[in-house]
Amino acid sequence: MPIEFTHIPGKTADAAVPFFYDFAETATKLGLIEDGGFQKIVVDDSAGLLTNMDLASQVLNRTASLEVVLTHWAGVIDPTVAARQLASIDRESGGRLALRMISEPLNDDDAETRPVGHGVVWQRIDEYLVLLKRLWSNDRPFDHEGAFYSIKGGYVPRKGPHGADLVIRMGGQSGTALKVAGRHADLFELAPGSIDDIRQLMERARGAAAEYGRAGKLRFALPVRIHQGVSAAGHKAVDLSGPPAQVALSLLAYAALGIDEFMVVGVDTPHEIATVGRETLALLRNSLARREACEFQPGAYAPGARLETRAVG
């Protein structure tokens, strides 16, 4: 499967307002993102979960192929209501929605009283996702009594095109987070670090997924910062600097680990979006295509390169 690129909106020195503040300007940027080689865009505006869902619908309505990665968390909306709304967004977009589950809300004002303790937070996420998947797949109403949620006659009559197979994205490094991600995640968002750090985290995530018979189903995404802007809060990324060819070469080292997607941070002005798409992303795709061509030629040998990169917050 070819490498995919996801745009993570943020702020830069030239753009001191949130990416989605002026949607007329945002629509122009979305066109550049879509034309520049990005397949996905993350929606995680600090205004909160309900705003995120509205923004996701707007982005999907204004683009033809971009997949929206909707940042979401438990504790704001009842699972039955959330399942209906998410299925509706996915259905109206033709199946271009993915759900990015995080453990903490982006805005403290947008959350109910939080459970106490790291393990309890993840237990609630686990129950929430179990219910979403059940609501997206059941053919008759059901009742549920759990530690965090009580449902009577839970049912979503109009499912999304993916049903219970809507892509779930998760991350985390603790054993508890990895266990929940291993059960539910289709794509695991890695924490930044050295090549060895990331390789070890991938092995731990695969091990957690293997407990549920899902080791071969887990894919990986890595956040990378190409431009030295100030990224959106909460987005830590591997820092890559230098000319496009050097950045593309650095990304090759991570791609060799088995990473399926790069989440690009700090590329927010129209000029940055167009330049990164035209130069860095295109160079990486061409390099991967050449490497694959060499690997499939009998007797061909493609030497590997040891590259040093650094992670920053």
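Note that this is a predicted model, so its numbers are computed, not measured.
Cluster membership check: I3 shares its hydrophobic cluster with V224, using side-chain heavy-atom separations under 4.5 Å among Ile, Leu, Val, Met, Phe, Trp and Tyr. L129 and Y212 end up in different hydrophobic clusters when Ile, Leu, Val, Met, Phe, Trp and Tyr side chains are linked at under 4.5 Å. Linking Ile, Leu, Val, Met, Phe, Trp and Tyr residues whenever their side-chain heavy atoms come within less than 4.5 Å leaves F142 and Y155 in two separate clusters. Under the 4.5 Å side-chain contact rule for hydrophobic residues, V167 and L66 do not share a cluster. Linking Ile, Leu, Val, Met, Phe, Trp and Tyr whenever their side-chain heavy atoms come within less than 4.5 Å puts V68 and I102 in one cluster.
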Quiz item: Does the pair H162 and W136 meet the rule for a side chain to side chain contact (heavy atoms under 4.5 Å, CB included), with working shown?
Solution: CA-CA 9 Å; H162 291 118; W136 287 332; over 6 Å; no
Exercise. Give the intermediate values and the outcome of side-chain hydrogen bond (donor to acceptor under 3.5 Å, both in side chains) for residues H7 and K29.
Key: CA-CA 11 Å; H7 184 272; K29 293 180 181 179; over 6 Å; no
Quiz item: Step by step, would you call H144 with E127 a side chain to side chain contact (heavy atoms under 4.5 Å, CB included)?
Solution: CA-CA 10 Å; H144 169 84; E127 184 177 344; 2.8 Å; yes
Self-check item: Derivation of the side-chain hydrogen bond (donor to acceptor under 3.5 Å, both in side chains) call for H72 and N52
Solution: CA-CA 8 Å; H72 194 79; N52 279 349; over 6 Å; no
Exercise. Could you give me the CA-CA distance, side-chain angles and deciding distance for D54 and T51, then say whether side-chain hydrogen bond (donor to acceptor under 3.5 Å, both in side chains) is met?
Key: CA-CA 5 Å; D54 180 58; T51 298; over 6 Å; no
Exercise. Test side-chain hydrogen bond (donor to acceptor under 3.5 Å, both in side chains) on H118 and T176 and set out the steps.
Key: CA-CA 8 Å; H118 176 80; T176 303; 4.7 Å; no
Quiz item: Going through the checks in order, is the side chain to side chain contact (heavy atoms under 4.5 Å, CB included) test met by F262 and T6?
Solution: CA-CA 6 Å; F262 291 111; T6 296; over 6 Å; no
Quiz prompt | Intermediate values then yes/no, side chain to side chain contact (heavy atoms under 4.5 Å, CB included), Q39 and F5 | solution = CA-CA 6 Å; Q39 289 77 37; F5 298 95; 4.0 Å; yes
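Minimum heavy-atom separation, L178 to A208: O-CB, 3.3 Å. Among all heavy-atom pairs drawn from Y128 and A74, the shortest one is CG-CB, 3.8 Å. The shortest heavy-atom contact between G193 and Y254 is O-OH, 3.4 Å. Taking both residues in full, the closest heavy atoms of P223 and K236 are given as CG-O, 3.3 Å, listed atom of the first, atom of the second, then distance. What you find for L132 and A82 is that their closest heavy atoms are CD2-CB, 4.2 Å. Listed here is the closest heavy atom pair of A177 and G171: CB-O, 4.2 Å.
Residue I41 holds its CD1 atom at 12.0 Å from CG of L70, rounded to the nearest 0.5 Å. If you take CG on L187 and CD1 on I168, they are separated by 11.0 Å, rounding to the nearest 0.5 Å. If you take NZ on K159 and CG on D139, they are separated by 7.5 Å, rounding to the nearest 0.5 Å. In this structure, CG in L218 is found 7.5 Å from CZ in R206, a value given to the nearest 0.5 Å. Rounding to the nearest 0.5 angstrom, the gap separating the CD1 atom in I259 from the CD1 atom in I198 is 5.5 Å. Going from atom CD of E25 over to atom CG of L30 covers 11.0 Å, rounded to the nearest 0.5 Å.
Using a 4.0 Å cut-off between charged side-chain N and carboxylate O, E211 and R183 make no salt bridge. By the 4.0 Å N-to-carboxylate-O rule, R214 lies close enough to D186 to be salt-bridged with it. The pair R169-E261 counts as a salt bridge, with a side-chain nitrogen and a carboxylate oxygen less than 4.0 angstrom apart.
Within the 4.5 Å cutoff, no side-chain heavy atoms of S287 are placed close to those of L249. You'll find the side chain of P161 reaches within 4.5 Å of the side chain of R91, heavy atoms only. Contact annotation: the side chain of W122 approaches that of S103 to within less than 4.5 Å [non-hydrogen atoms, C-beta and beyond]. Side-chain contact between I77 and M53: present, with at least one pair of heavy atoms (C-beta onward) separated by less than 4.5 Å. Using a 4.5 Å cut-off on side-chain heavy atoms (C-beta onward), F38 and E4 make no contact. Residues T71 and V42 form a side-chain contact, since some pair of their non-hydrogen atoms from C-beta on lies under 4.5 Å apart. By the 4.5 Å heavy-atom criterion applied to side chains, L281 and V276 are counted as neighbours. No side-chain heavy atom of E67 sits under 4.5 Å from any side-chain heavy atom of L97.
For N138 (side chain) and G154 (main-chain N/O), a donor-acceptor pair under 3.5 Å exists by modelled atom type. With S250 contributing its side chain and Q246 its backbone, the two residues share a donor-acceptor pair below 3.5 Å. At least one donor-acceptor pair closer than 3.5 Å links the side chain of D143 to the backbone N or O of G153. Put simply, the side chain of S93 gets close to the backbone of D90: a donor and an acceptor are under 3.5 Å apart. Formation of a donor-acceptor pair under 3.5 Å by the N61 side chain with backbone atoms of S57 is found in this model. D260 places a side-chain N or O within 3.5 Å of a backbone atom of F220 that can act as its donor or acceptor partner. Checking side-chain atoms of R100 against main-chain N and O of M170 turns up no donor-acceptor pair under 3.5 Å.
In this structure, R219 is not positioned above the aromatic face of F188 in the sense of NZ or CZ being under 6.0 Å from the six-membered ring centre and within 45° of the axis.
Side-chain atoms of D196 and Q200 include no donor-acceptor pair closer than 3.5 Å. With 3.5 Å as the limit, one finds no donor-acceptor pair spanning the side chains of T63 and E34.
Counted within 6.0 Å of NZ on K133, heavy atoms from surrounding residues, nucleotides or ligands total more than 12; the atom is thus considered enclosed.
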